[in-house]
Structures are given as C-alpha cells and as structure tokens.
Amino acid sequence: MTGRPPPGGSSTSRNDLLLDLENDQPVYNGGQRSTLNDDDLLDAYDQDASRPRPSVSYDDFIGSGQTTHPSAKPPPAATSSSTLRPQGPYVAGTDRQFSQTSDLGNYQRYADDFDDYPDDGGSYYQRGGALPGGDAAAAARGNTRNRNSVLSLGGGLLGRAKNMLGMGQGYSEMDLPLTEARTATSARKDTGMSDTPPPKPAKKFDMENFKFGFGKGKPDPSTLGPRIIHLNNPPANSINKYVDNHVSTAKYNVATFLPKFLFEQFSKFANIFFLFTAGLQQIPGLSPTNRYTTIGPLIVVLLVSAGKELVEDYRRKQADKALNMSKARILRGSQFEETKWIHVAVGDIVRVESEEPFPADLVLLASSEPEGLCYIETANLDGETNLKIKQGLPETATMVSSSEVSRLGGRIRSEQPNSSLYTYEATLTMQAGGGEKELSLNPEQLLLRGATLRNTPWIHGVVVFTGHETKLMRNATATPIKRTKVEKQLNMLVLFLVGILLALSVISTVGDLIYRKVEGDSLSYLFLDPMNSAGATARIFLKDMVTYWVLFSALVPISLFVTLELVKYWHGILINDDLDIYYDVTDTPANCRTSSLVEELGMVEYVFSDKTGTLTCNMMEFKQCSIAGIMYAEKVPEDRVASIEDGLEVGIHDFKQLQENLKNHSSAEAIDQFLTLLATCHTVIPDQDADGNIKFQAASPDEGALVEGALQMGYRFVARKPRSVLIETGGKQFEYELLAVCEFNSTRKRMSTIFRCPDGKVRCYCKGADTVILERLNENNPHVDITLRHLEEYASEGLRTLCLAMREIPEHEYQEWFKVYEKALTTVSGNRADELDKAAELIEHDFYLLGATAIEDRLQDGVPETIHTLQEAGIKVWVLTGDRQETAINIGMSCKLLSEDMMLLIVNEESASATRDNIQKKLDAIRTQGDGTIEMETLALVIDGKSLTFALEKDLEKLFLDLAIMCKAVICCRVSPLQKALVVKLVKKYQKESILLAIGDGANDVSMIQAAHIGVGISGMEGLQAARSADVSIAQFRFLRKLLLVHGAWSYHRVSKAILFSFYKNITLYLTQFWYVFQNVYSGEVIYESWTLSFYNVFYTVLPPLALGILDQFVSARLLDRYPQLYSLGQKNTFFKLKVFASWILTAAYHSIILYIGGSLFWIYDGVQGDSLVAGKWVWGTAMYGAVLLTVLGKAALVTNNWTKYHVIAIPGSMAIWLVFLAVYGTVAPKLGFSTEYFGVVPRLFTSPMFWIEMPTLAILCLARDFAWKFSKRLWRPEAYHHVQEIQKYNIQDYRPRMEQFQKAIRKVRQVQRMRKQRGYAFSQADESQTRVLQAYDTTQHRGRYGEMASSRPNQPAGAGSR
C-alpha cells in the first residue's frame, strides 16, 4: 500500500524495472526534497560550462531542515555531491560556519558604524529630528562610508550617471546570471582554509554583463561587512546611500541602448555584410552603382528595428512603473503616511495590511495576531499555496500602535544582500533596562518582497533590503537576448549567399582578366590599365572584385530584415488583439512582449509547466463525501441520482439529504461524528468581525475547504482557545476540550486530535491518507469496501481524497498514554519528533471508519483538453512543481497529463547510486522489452526533488534525460525554482534541435521561463512577476492551445514564406545582371538604372512579402485546432529546410535564365524601332525589369493560400505602382539632373507593343513549370495539410465526434480499473509545529484598540511568546 515502507527496508531493494500493474501499489516515499543546498553542491557539478550553479531540491530552497549559510566553505573538489552533509547555520564546533555578523573580522570593514551613534537607543523622532554631534561630526562620519558613498551605490546625480554607464555598484541581480557562482574563496581564520586562490576559469564573453569599457569588476556582497540599519533614524540611513526601492525589468536604459542594440543588430551576418558593402560603395570609381543605395536602406532597417525595440522596452518600463507606484504606508513621526513603493527606504518602518504584498524585504516587528504571529503566502516566490507562519521577537511584538513603534530606537546589524531566499542572519540592538540588549534575528522574522500578507489584519516591519537588493530581485536575471532557430538558420543562409556572391564575383573577374589577356589589343580604345606585371594584374583583380561585389550585393535582400521585423511585430499585435485569448473575467488580453520569437511558437516540442496557479486555480472546494457507505455531493449528475435497486441504495445524494439523514437515519451517529471531526480536527483559526461573520485563517487550503464544508452542513467552527475548540450546531454551542495533538507530517500522512467531548467521553479523531487509515481500522468496519469504491471514483475524477476515522478511548488507556506522550513532548535529545511519532502510534489504532472527503483542487478551465490536444500535436508536456508526489500524480491524472493506460516510472531514491541503479534498470527494461510489449506513448516518469538533485549531476544527467525523453509525460515534484531552470537547460543542452517553452505564473518560475527558448507567463492570481519576465503573457493556461497551434503555426509558416520569397525575388532579378556580364564582356556594366534597382526592394516588391507574412493562412484557425497533428510541420521545420531553400534558389536561377534570354530575344539587335532607331540598352533593360517584376509577383500569387483585399493591393497593386512610378519618375527625374539614363526612355517604352507582349509572355513561360509542379504535387504526392486544405475548401464534414465519445467511455472504464491499483492522497498541511499556533490563540477574546489580539498563554504579556 502507499503508506507502507517497501519490503526489506530501503527502496533500492525493489526490483521494479517498471511499474508492475499486477502488484498492489507502487511505493511512495513521500516525494522528498534533497537535503543539499546550492552552496554545498556548487563545485560538485554544473549545468552551464561557464558559470556553474548546482541544483537543490525544494526543501533546501524553502529552508525546511538544516541549510548551509551562503558564507559556508565549499566542499573539497574531489568530494562527490551525493556524499555531502550540510551543516546548519548555527552549528558550533570546529566546523562552525560563521556569519557575517560574527566578531571574527572575516569581512572588510566598510564604515565605522559601530561608534557613530552612541545614543542609537533613542529614536530620531523622539529627539525632534536632530542629529547628535553637529556638522563636523556628521562630516567625519560621512568620510568613513566609502562603499556606500554617493559615488558608488547610485545616490545623487553622479551616482545615477555612473549607474547608467555601468559603473555603479555591481551586485544588482539584474547583472547576475542564473548560474552565478559563489566567489568567497578567501581564507577565514576560523576554518583553516587555504589561502591559495583557485585557478581562474576561462572568461567567456557575456553580453548581459558587458559594460562597453566602463566600470570595474563587481564586489561580491557576501565578502563585505554587515549592513548597519538605524531604526527610526532616516538621516543616519540616508548617509549610507542604499539603493532605492525602484525596480526595473527593462532591457535598455539611455546609456546602454545604443551599444547593446548595435551589438545585437550586428550579430546578424547580413547587417555586417551590408555595412561592408556600403563602405566599398564609398570608394570613387569602383562602384557601378550610386554610393548611397546600400547605406540608406541599411539606416532605414536599423531605425525600424530600433523603433520596435524601443516600443517593446517602453511597455516593460510602463509595467515597472505601475509596480513602483503602488501604495505603501511609512512611519513619519508618530503616524503612518501613505506614499509610493519607490519611496520606501532601508530603515523605514512600514505598515502592511491584509491581502497586500510586501513592498521590500522586511524584518517583522509586531502584528495584529498574538505573540507577533502572521500568515504569509509565498506562492509568488516558491509556488506553495500553504500559508507560512512568521513570528516577531517577543521584545517587539507588543509595539502595536504607531506611537509605540515611533519610540523604538536601536540598530540592526544585517547580512548583506544575497540570493538565498530562505536564510537570514542579523541582530537587533535595542534599549533594555537602561542598557542595550542584542537580539538574534533569523528567517522566522523575515518577510520577503513578492510574498503577500494573508489572514492577518496588519503587521509592522522594518525595511532591510530594497529594490534590486531584495532577495526576490537578486534571484531574477537580466532579460536575456534570445535568437530564434529560424534566425540562426537565416544567418547561415546569408553566409551561403555571400559565398555565391563571391563565386559570381570571382567568375566575372576571372572572365575579365582572360578577356583582357586574349583580346587586349582590340580594346586599346578603352584605355584600360595595362596587365604588364603581377602587381598590375592583382590591382585589376581587386578592383574588379570590388565592382562585382557591389554589383551583386543585393543578392542578400536588405529589405528582408526590416520586412521580418514588421511581420513579427504585426504577429504580436494579432496575438494581443485576439479575443479568443482574452480573459474577460479579469479584463486581461494576451501580451506579446517579445515579438521577435513568434515563429518559434509554431515549432515547440517540449512544454515545461508549473502546476500551482498555472494548471490549477489555487482554490480548494469541498465537493463530495462518503459517510457510512453513502455518497453525498454538492451537485448530483442526472444519471447518478440516488435510487433503490435490488433493495440497495445506489447513486449520490445531495447535501440537503445529508442534513435530513442527520435527524433520523441509521447513519445519523456516523454523520454527526464525521462533521464534528471536520469542524474540530484541524489547525484553522477563526477570525470573527464586528458583524459576527467568521473568516477562517487556514495555513492549508485543504483544511480551510474542509472546515467550510462542515459549515455548509451546519457544523460551525466558532472559536479556538489554547485548550479547547467551540463549535455550533443546531443553534447550540459545544466546547471540545483539546487534550493532545498528534501532528501531521509527510511520514505519518495523518493528523490526530484527542478531545474530551461534551458528553465526557475521550475520543481520538484522525484524518489522513486512505492507506494509513485503512491499516489502522478495527475488525468492526462494515463500510470499508464501499468506501474504497467511492475513493476510486473520486480519484478517477482527480479529486483530492482523505479518510476520516475515530475511536472512543477508555479513560485509563488515555491516562497511561498521556504519560508516554508527555515524556516524548519533553524529550531534549534531538529526536523529539520520532518519539512523538512513536507515542502517536500507540493510540492510533482500532479506528472506526467514518467515511471519506473529496476536495477539488480546481483546475483552470480547459486545462485537460489543452494538455490532451498539445500531446496530440506531438508536444511533450513536463510538469515541474513544488507539490508532493501524490498530489502531483493526482493533478496529472485529472488534467489528462497522465492517462489510465500509462505506465508510471517512479524515481524516488535516497542516494546517487540508488538513483543511478533505478534509472539504469528502467532504461534497460524499456530497451530489452522494446519488441512491442512497451509502447513509448504509454510511459510517464515521476521523479522527486531529491532524486532529481542526483539525476542532474554530470555523470548521471544524460542517463536521466535518455529516460525522460522516452516518456510521453514527465512530472518533477518537490523541485526548487533553480531545479526547474536546470531541467530546462539540460534538455536544451542535449536536444539542440528542439524548441522549449516554459510556462508559469510565479516569481519561482522566472528562471525557468528565461532559460527556455520561449517563456510564457500567466498573468493570474499570483502576481505579475512571471508575466513581466516572459516573452508572451496570457491569462489562462488553456489559451496556450490557440497560441501554439494557431498563432504559432501561422507565424512559422508566414515567416518562412516571407524569408524564402524575399530571397527568391532578389536572386531572380540580380542573376539577370550576372548573365548580362557575359554579354558586356565583363565590363561591370549595369543593365538597370541604379535607383530603380534600390527601389525594387523599397517600393515595388515590399508589399507582397508583407502580405504573405502577415495575412497568409495555409489552414484556417478552426482546422488547425481540429487537427493538432498539423503542428508537426513546424516541429520538423518542414517549410524552412535547406532542401526547401535550395529549391527556391534553383527556381530563381531558372526564372532568371528564361527572363534574360527571353528579354534579349524580344529586343534582339538592341530593339530596332519603327523609326529605324534602336531602342538601346536602357529601354530593353527596363522592359526586362518589368518582366522580372511581373514574374516575381506572379510567383507571390501562386504561393498565396487565401486572398484578401490586402493581397490584391500588394500583388497586382505593386505592378500598377511600378508602371505609374516609372512613367512619372522616368519623365521628371532626368529633367532634374539625376537618373539621366531614363532620358527619352518612357515614350519609346510605353508606345512599344513589344514591351506589353514581353511581360506576360515571359512571366507565363517562367511560372508554367511552377504551376505544373504544384498541380502534380497535390495530385500524386500530397502532404497532410493539402488534405486539410481540401476539407476547408469544400467544407467536408468530420464524423469523428461519435468515435471520440466511444473512446472516452472506454477510457473511463480503464481509469477506474487503474485507480484500484494506483491511488494517492492529498493533504497540504504544512510540515511545521501546529501546536505552537493552536496554543497562542484565544479567539473568544476581543481585539484591542489597534486591532491586536492578546496572547492566550498564561503569565505572558500580549505579543510575547516562548522562543
């Protein structure tokens, strides 16, 4: 069963090559997090070759259990990470890890703050706002603060200027990569570490940290001394010039825009090529074309790109501004004043009220709850929806009024800013009895920016870190520069075209040299340079190469890049404006923040998704229950209404019937005990307002839902005292005396409370996983089998289940047991938890099964359908979550990530060797049984955070990935945010051709989002941190379906077609120029007028690629969604393969030959006119230009899939534009002194019938082959999308829905069969001391004047608590 340990002890003894469905159940070890943290594993392995940062699992990330402080020494290089044993931050002994605030002097002092303020105990406000010591003393103090001076951390005008130029203090997280390594390698006097510095790693150029020549290396804050923060003394804190609370996620600022933008633009080979060509054009006498025909368009291209970047960055700045301008309350004098977040400074005392996020990192001073307790939700940080409990120091917890807080004087010696989210060391020095008292601060008092205050009316806290120094922002990374697969391929194609250009130039140059050598005497009238020496020949060769390079340079279309920028930008607008992915409930449209990545939305092979808030809504609802074998539900389906069959009651009753049964049914006693258990056995705190309404404060959302469910059924939880619970039912109030609590933890998987009930009897109420409850039942339990069937049904629907049981305990048994329990409670040998668990085992037996509950962790709308459709499209979905293994599997089932016919491969080990063996055995089993008995489509991998830590090591990562990519679905549970990013990077490292998309909604998903090729943020309930860091943000997970299958597929197809057509049109035109070289005896003469050549890309052919790139739909949105298999076209890069590119190039060459030969024949002998004059080169050259243009536009019409008015304007319209423009420009320009080649051309050309016959004739000759190829391809070798186009064109009916309904029914049957063998449970209670909280509250007392609640502990002042 699930809750039992594996036979033989260690899980490594199992010989489960794959999940054996014939056995009872797979063994769950609870889904563990690793005991190692980032710093322990830092030097053991890395994911990135350049900047290592290892994996830790979820437990270390959130600080449960012992964790090593960031200042701890690293392990020896030879030590395997799997054998490391972390030390706690406060462990004494020879291997003690000293903090920054210790007295060992292991830091460089940066300010003489120890003696600056001898009367720190007093408040600045209590002194009337005056600083002691006068101006001279203040000046002297200012001289000591070198590190935080106005010249370094950004204070004042000069500091801001230096920050802009990249010269400011350099530990803002925006400049820290995800894989930043710790550099604290200097020896400490207490550790005996060697002074020998480690060898410096080879430096790798990092665009994100490139300062363009400004500034020096950045100091690691952990090597600096403690931060001294003065309480209620703003002038003293302002001298230190700490960074302000401004936060920016923008890509550029005024100083870095130009260098960063130019670096990004000139990383494209094409732009370097155009710049080089523009330089060559400036050489007098060598360029056959006008000197501005390349540099002009290049500047236009760069300006358009710059405009697009500025607009997108402006949007980021606006989002930042909205956050920075949020409201905050800061203590000024003896009152809290409302101000903006941006004005919050280090040392300020702020007031935060319920449901508000914290504006900065705070140290908790006091709260409205007893003993300084408060509840915070960190879902935006770590994805956990469970509320965390924080507690202020007893010495400050009484400061509930603004006047009391304003009298607080002293200072905090805090650690420097760092990225360790759940460790914190500091001391608070305050006045006590005429002297000073130094108090220790730890993570229990730290409230992080990004977290939200819940179920607590208000708190007071002092700001310790602001802005980019907050732990949240230190964990963020700078917005990375991402380049798409198509873009990288395009770079290579440009190089290929440059190679063709060189070949053409060499052919033409060599031809010129040979012709001069052979026919040199006959060309004396041209006064050519003589070739009488090797040097002269080399000079001629170079001159000819430059001439031909410039002449053929337009083979690489300069308009392509500005066209692509416009196309992609417009795709972004189409995504933003799509009403199908607009969420009207919160008025949230989609937002494409980085439009340059749109085509990759159509090429995704892997989706990495967070669970909480992305797949689920973070809302628990009490849906159904089973009591004494009878099912009850909130809403009963029509086909399941209760009825009597063969004398047995079958079906489901509604909750109204439950209340009726409570009165006179045979199960009334069981119902009463069931509902009493729900209302009493929990850690929920009731908060009653003035109107008598009760709001439940639940650390676990599941528990909140159960108490709400009891309330719905008439059992109202009214109040909690330290030793009793009050509930109200039937208009009467009952008090249950709380005798003992056997707390929930992930090993026990249950929680028990022992009450003395109003009838005087002692009862033990227990709730937990079915597996642990069922094995503790007595023999007299008639409803076990039917309850199990109900549990299977609940589990098949993806509901979270718990079993409820009770027993009456004889008084003498209770008294004997309580002695054992008390002894366990007072154990001090370090194994108190184990002793308490053993004591609980003695009383938790012989239970009577009351029934089971089913809670819905409500999925977002459309999640199952979306995941199923994505899988049909060939996209592998991986879920990376901080939740427990059973919960993750449950959600996987309900959202169709896991299906009933899948085989689960569970990796849940304690060591690296066991993990290796497990993975290797599973791989061997799959490979040896690959004869058809195992289908890859039926495999799903589930791995926990601890095993993942080992699996991500260098020697194991490839093995793990080999197993993972064989599976249709992967679930990584109990993972930390860093592990999420490392998993993405691992797949990226080895699956180089695959496009990865990460989607999440919390700050804990940012590193994963930025590590993937495309990051999608959910702008949902958990804040906007992920949405602001993502490339695209949407409001609901279900919108990912249309974003990928429709917009992604369209964007990929459109961008591919726009690129290929752009290359085709340029090569077609410029190869005719190459063929002319053989006719003009390699003289470098041009066949077309220079500005007409330039206008080709700027005016005459700019619209067709835009129309194709923005509006073309190869299949409609409805059918792309209906046939998700079409998505594989993008995954396989079908439309932009090298083979496809080569076919377009060959087509262009073929067309250019026909056009040149045909054009020459139409105007043979220079085109003798009716008046006996020859037309001349410029007439037949312009006529050929018209034929080329008509052919190119005809090709655009041939590849267009759907016609709109814009296509008509773009394709036939472009031809009309050329004819009109030629008539006007060819007449006016020569009279104005430029483009004199057109003098007299227009009248001869437009009056010649040859011109009007030539254009359509040559175009038809060229395109006849293309039309024949397209016809034969569709007739005899059609692609899948050709069939769908036929369905769309003729509106052919699809009869698949009937078959799908039949398959759905079969799946339902299989699912129930599977659930009998594979069933988890869900119980989200936090693994922390619940007794501490329960004993602190007495909700029967009224709140005080300031909304505070007094402590219920005897002999303690309000707010004071045992430490």
Side-chain angles (χ1 to χ4, degrees), residues 62 245 323 326-331 336 338-341 344 348-393 396-397 399-402 405 421-422 424 441 443-466 470-472 612-613 618-619 683-687 689 695-701 704 1002-1004 1020-1025 1326 1328 1333 1336-1337 1339 1343-1344 1346-1349 1359 1361:
I62 65 163
N245 205 32
L323 188 69
S326 302
K327 290 181 181 178
R329 297 170 201 83
I330 301 177
L331 186 68
F336 284 101
E338 200 166 88
T339 183
K340 304 277 193 278
W341 274 25
V344 173
D348 284 346
I349 292 176
V350 299
R351 179 185 175 95
V352 179
E353 297 185 352
S354 185
E355 310 303 316
E356 291 180 351
F358 301 116
D361 288 354
L362 314 175
V363 165
L364 175 62
L365 295 176
S367 80
S368 58
E369 303 308 285
E371 302 180 17
L373 290 167
C374 75
Y375 295 88
I376 66 168
E377 184 186 275
T378 57
N380 202 16
L381 290 167
D382 55 31
E384 283 263 303
T385 51
N386 293 352
L387 299 187
K388 311 290 189 303
I389 299 167
K390 299 288 183 176
Q391 186 167 18
L393 296 175
T396 62
M399 299 176 182
V400 295
S401 69
S402 57
V405 179
L421 274 176
Y422 285 87
Y424 183 65
L441 296 171
E444 200 173 49
Q445 284 84 48
L446 187 65
L447 307 174
L448 297 180
R449 178 181 180 133
T452 304
L453 187 66
R454 300 280 189 214
N455 297 349
T456 307
W458 54 260
I459 63 103
H460 296 155
V462 59
V463 177
V464 287
F465 303 128
T466 48
T470 57
K471 289 179 180 277
L472 170 67
T612 308
N618 293 342
M619 292 167 59
T683 60
V684 175
I685 308 295
D687 191 6
D689 59 21
K695 182 178 180 182
F696 296 123
Q697 301 178 16
S700 157
N1004 59 313
M1021 302 294 288
E1022 291 189 11
L1024 297 172
Q1025 189 69 24
E1328 57 180 297
V1333 180
Y1337 277 88
T1339 59
R1343 291 187 179 271
Y1346 302 104
E1348 79 281 7
M1349 183 180 285

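Residues take their numbers from the sequence shown, with the count starting at 1. All values reported here derive from a predicted model rather than from experimental measurement.
Summarising the geometry of T456 relative to S367, their closest heavy-atom pair is CG2-CB, 4.4 Å, with the distance given to 0.1 Å. Residue A397 comes nearest to A366 through the heavy atom pair O-CB, 3.7 Å, listed as atom of the first residue, atom of the second, then distance. Closest of all the heavy-atom pairs between G704 and V684 is N-CG2, 4.4 Å. A pairwise comparison of heavy atoms in T396 and L364 identifies OG1-O, 4.4 Å as the closest pair. Looking at every heavy atom in both residues, A360 comes nearest to V344 through CB-CG1, 4.5 Å. In this structure, L448 and K471 approach most closely via the heavy-atom pair CD2-CD, 3.7 Å.
Under the rule for a side chain to side chain donor-acceptor pair (under 3.5 Å), D361 has no partner lying at least two apart in sequence or in another chain. For E355, the side chain to side chain contact (heavy atoms under 4.5 Å, CB included) test picks out R454, K695, with sequence neighbours left out.
The shortest side-chain heavy-atom distance between V464 and L362 does not fall under the 4.5 Å cut-off. Looking only at side-chain heavy atoms (C-beta outward), L331 and S402 come within less than 4.5 Å of each other. In this structure, the side chains of V363 and Q445 come closer than 4.5 Å at one or more pairs of heavy atoms. Annotation: side chain of L453 is not in contact with side chain of W458 (no heavy-atom distance under 4.5 Å). Side-chain contact check for I349 versus I330: every heavy-atom pair is 4.5 Å or farther apart. Contact of the V350 side chain with the F358 side chain is not registered, since no non-hydrogen atoms from C-beta on lie closer than 4.5 Å.
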Subject >> Pair K327-E356, salt bridge (charged side-chain N to carboxylate O under 4.0 Å, His left out): steps then yes or no >> reply: CA-CA 10 Å; K327 290 181 181 178; E356 291 180 351; over 6 Å; no
**OP:** Please report the C-alpha distance between E353 and R329 in whole Å, then the side-chain angles of each, then the deciding distance to 0.1 Å, and finally whether the side-chain contact (heavy atoms from CB on, under 4.5 Å) criterion is met.
**Re:** CA-CA 9 Å; E353 297 185 352; R329 297 170 201 83; 3.6 Å; yes
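Distance alone, capped at 3.5 Å, is enough to place a donor-acceptor pair between the K390 side chain and the P443 backbone. Of the possible donor and acceptor atoms, none in the side chain of T452 sits under 3.5 Å from a partner among the backbone N and O of P357. R449 places a side-chain N or O within donor-acceptor distance of the main-chain N or O of P359, the cut-off being under 3.5 Å.
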